[in-house]
There are 2 protein chains.
Amino acid sequence: MRPTIHAVAKRAGVSIATVSRLLNGSTRVSAETAARVRRAIEDVGYLPNASARGLAMSANGTLAVIFPKLSGPFFSELIRSAEASARETGYHLLVYGDSSIAEDAQERMLGLLATKSDGLILASENIGLDYIRDVQRWGLPVVVLGRQPDDISVDSIRPDNVNGAVKAVSHLIEHGYRRIAMITGRRTHLHAADREAGYRRALYDHGLPIIPELVISGAFDEESGYAATQLLLRRRPVPEAIFAANDEMAIGAMAAVREKGLRVPADIALVGFDDIAPARYVHPSLTTVDQDMYGQAQVAVQMLLERVNGSDAETETRLVPTELVIRESCGCKDVARDVASVV
Amino acid sequence: MRPTIHAVAKRAGVSIATVSRLLNGSTRVSAETAARVRRAIEDVGYLPNASARGLAMSANGTLAVIFPKLSGPFFSELIRSAEASARETGYHLLVYGDSSIAEDAQERMLGLLATKSDGLILASENIGLDYIRDVQRWGLPVVVLGRQPDDISVDSIRPDNVNGAVKAVSHLIEHGYRRIAMITGRRTHLHAADREAGYRRALYDHGLPIIPELVISGAFDEESGYAATQLLLRRRPVPEAIFAANDEMAIGAMAAVREKGLRVPADIALVGFDDIAPARYVHPSLTTVDQDMYGQAQVAVQMLLERVNGSDAETETRLVPTELVIRESCGCKDVARDVASVV
DNA sequence: ACTGGTCATGTAAACGTTTACATGGAGGGG
DNA sequence: CCCCTCCATGTAAACGTTTACATGACCAGT
């Protein structure tokens with residue numbers, strides 16, 4: 001049997017209330033008593049029971065995050081960052097794969113989850129609006145990451161896709177590229193729409209025309225980037241640069257260009273979006289836009305905690321800044337000198 | 001105020017004990033009562049309070065995992081797999097970065113952690129033995145992943161490094177390579193020692209000599225792989241193949257070979273270990289050994305649950321099988337046809 | 001010296017479950 | 001027809017905290 005607060009109280013010759021107060025610092029405890037209690041805690045090896053504490057305070061000091069199946073590269077930063085931010089403010093972090101949620105009868109899952117945590121970060125696109133509504137009805141604060149549910153009032157966080165795309169395309173324009181193609185995604189895709197908007201805006205701002213036949217829709221994977229690029233390479237004149245709405249498609253594009261006997265960036269410059277891990281490793285290394293998942297998760301925890309602490313301000317969408325990462329594939333930089341790029 | 005079990009009982013016209021029994025299935029409840037209670041649960045939107053339950057049962061249905069700072073590529077699989085396995089058996093998963101543990105006064109951290117979970121998977125090398133001992137003394141079951149603490153009795157899981165290395169090197173030998181170098185790591189490194197042992201065994205089994213000047217120690221990062229390879233390329237005759245104890249060093253090696261004007265695998269074949277994500281993306285794609293982190297985490301959860309459920313069998317070390325992943329860099333395969341390898 | 005106010009501490013009532021034990025009704029064997 | 005058993009259900013005591021309220025000591029101001 002593990003030592004309880006009673007054991008400590010007995011050993012220190014005080015009441016359990018005093019021990020509890022010392023631990024929580026709610027009221028002052030005299031210095032000598034404090035010392036005695038602290039020794040007693042040491043002596044018996046006492047650790048407060050989280051369940052009992054949670055029950056008494058009706059708050060369990062835990063945040064939950066539901067993560068998506070796919071996001072291989074971002075996953076790590078998402079969890080790491082959320083955990084670090086949570087920990088910093090004294091919270092613990094529970095994690096759930098979205099498939100776990102989907103499989104379980106939703107109610108049961110909701111139940112277990114909802115009563116174990118004080119707030120939820122939903123980072124998956126595969127969870128229905130109904131689920132969000134259920135969680136909210138239950139009274140659990142929620143923030144949504146990388147998604148914007150229209151029909152529902154909920155805080156959300158996402159990368160500043162528009163500005164990221166503007167930066168990427170402007171960079172190309174400013175280095176002399178004029179005929180710039182884009183591989184985009186289905187309009188319904190949150191990131192796709194905004195990134196395409198940024199592309200258009202950059203062209204517009206620099207007085208360049210938008211050429212519809214240079215905008216091709218992909219499916220955010222390598223295959224479709226490859227296929228889209230094959231199409232683009234048949235346009236005449238051939239585009240001078242391609243902006244892909246994500247790195248996977250950019251990598252597919254790279255393969256297509258290479259297969260056609262052309263060189264990146266000499267013949268065609270290439271820029272991606274997201275800065276996934278392999279972007280550093282492909283050859284040439286890929287210029288891309290970092291969507292700062294670490295920052296996003298940080299903001300998510302922060303927003304969530306505001307709600308947990310009772311804020312009832314209007315729900316809001318927070319945009320996290322994106323950063324252009326210049327590597328070799330855009331042809332705007334001296335060849336990098338680090339080992340990775342040599343590969 | 002959220003509905004409690006009392007609200008349900010009242011609505012169904014039964015006692016709270018009956019509701020509880022229905023929920024936990026400990027004793028039979030008559031069919032009609034069950035139906036009535038179930039409706040009541042629906043009606044009031046009841047969800048059992050996890051803290052109260054945890055307190056009453058002195059078990060909180062939660063496992064914790066402490067993950068390392070570095071393991072970027074494995075991290076994802078570790079968490080995903082652990083979560084999935086835990087979920088499957090009805091447990092929830094708490095995650096902690098090892099830096100969180102280290103920073104907090106250990107006692108405090110131990111406290112919070114220990115009372116929130118029923119068992120701990122320690123996947124970090126940066127946590128001291130003292131911590132493990134403290135956790136064990138407290139009565140929390142622990143299993144250790146990817147590490148073998150000598151001075152302490154604890155369950156552990158790790159990849160079958162020896163056999164992985166044997167497979168890799170044998171593969172090279174069987175395809176005609178004879179003069180095979182190895183980039184290893186400090187002997188104290190868990191994986192390094194075993195992988196080197198596998199290398200030696202493969203050579204020995206095939207009647208090949210071990211040439212000391214072809215075994216160079218690196219530090220498990222790109223830089224050191226690069227440096228080690230520069231040394232190896234000065235040996236005469238130049239090695240026909242290099243086996244690196246991990247993929248990072250293999251990637252560094254690739255850079256060194258290329259810089260010297262040699263080709264992989266035409267002039268020098270190359271095999272790594274771990275199968276990190278970039279291994280698919282480098283050019284040529286890297287033949288390597290998959291250490292199956294998913295499987296390891298699965299086994300870890302399984303072993304941990306045995307302990308949680310009271311097993312007091314002898315502590316044991318479980319080896320998880322490793323698999324050779326043949327790609328281009330070993331020169332033993334027709335050039336792959338998938339998009340990635342074209343890049 | 002009396003009153004009122006601080007301050008440190010103790011007492012006891014929550015918090016929402018689970019579960020050992022008690023209760024009472026139904027059914028079956030003698 | 002009685003007694004024993006079994007089964008469905010209720011009663012109430014844990015589980016280990018936090019915290020409102022009560023208590024009494026001590027001090028200062030009058």
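Here is the naming used below: chain letters follow the sequence lines, and residue numbers restart at 1 for every chain. What you are looking at is a predicted structure, and each value in this text was computed from that prediction instead of being measured.
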Answer yes or no: does a side-chain N or O of [X] lie under 4.0 Å from OP1 or OP2 of [N]?
X	N	answer
A:T33	C:dA8	no
A:R28	C:dC7	no
B:S15	D:dT9	no
B:S51	C:dT17	no
A:N49	D:dT17	no

Candidate nucleotides [options], ranked by approach to the side chain of [X] - the nearest:
X	options	result
B:S20	D:dT18, C:dT18, D:dT17	C:dT18
B:S30	D:dT17, D:dA8, C:dT9	D:dA8
B:R53	C:dA8, C:dT18, D:dT9	C:dT18
B:A52	C:dA8, D:dG10, C:dG16	C:dG16
B:L55	D:dC15, D:dG10, C:dT17	D:dC15
B:A56	D:dG10, C:dT18, D:dT17	C:dT18
B:M57	D:dT17, C:dT18, C:dT17	C:dT18

Between [atom2] on [N] and [atom1] on [X], what's the gap in Å once rounded to a whole number?
X	N	atom1	atom2	answer
B:R21	D:dT9	CZ	P	8 Å
B:Y46	C:dG16	OH	P	10 Å
B:H6	C:dA14	NE2	P	12 Å
A:N60	C:dG16	CG	C1'	13 Å
B:K116	D:dT17	NZ	P	14 Å
B:N24	C:dT19	CG	P	7 Å
A:I5	D:dG16	CD1	P	11 Å
B:I16	C:dT18	CD1	C1'	9 Å

So for B:R2 and C:dG16, does any side-chain atom that can act as donor or acceptor lie under 3.5 Å from a complementary atom in the base?
no

May I ask you to decide if B:L93's main-chain N or O and B:E83's side chain share a donor-acceptor pair within less than 3.5 Å?
no

Are any non-hydrogen side-chain atoms of [X] and [Y] less than 4.5 angstrom apart?
X	Y	answer
B:V29	B:V37	no
B:L120	B:L63	no
A:D160	A:V320	no

Is it possible for you to check whether B:R80 lies under 6.0 Å from the centre of the six-membered ring of B:Y294, through NZ or CZ, and within 45° of that ring's axis?
no

Specify whether B:F67 and B:F75 have parallel, tilted or perpendicular ring planes, treating 30° as the upper limit for parallel and 60° as the lower limit for perpendicular.
perpendicular

Assign each of B:T18 and A:L23 to its nearest nucleotide of DNA chain D by heavy atoms, then name whichever residue's nucleotide is nearer the 5' end.
B:T18

Base, sugar-phosphate, or nothing: which does B:S58 touch, judged by heavy atoms less than 4.0 Å apart?
nothing

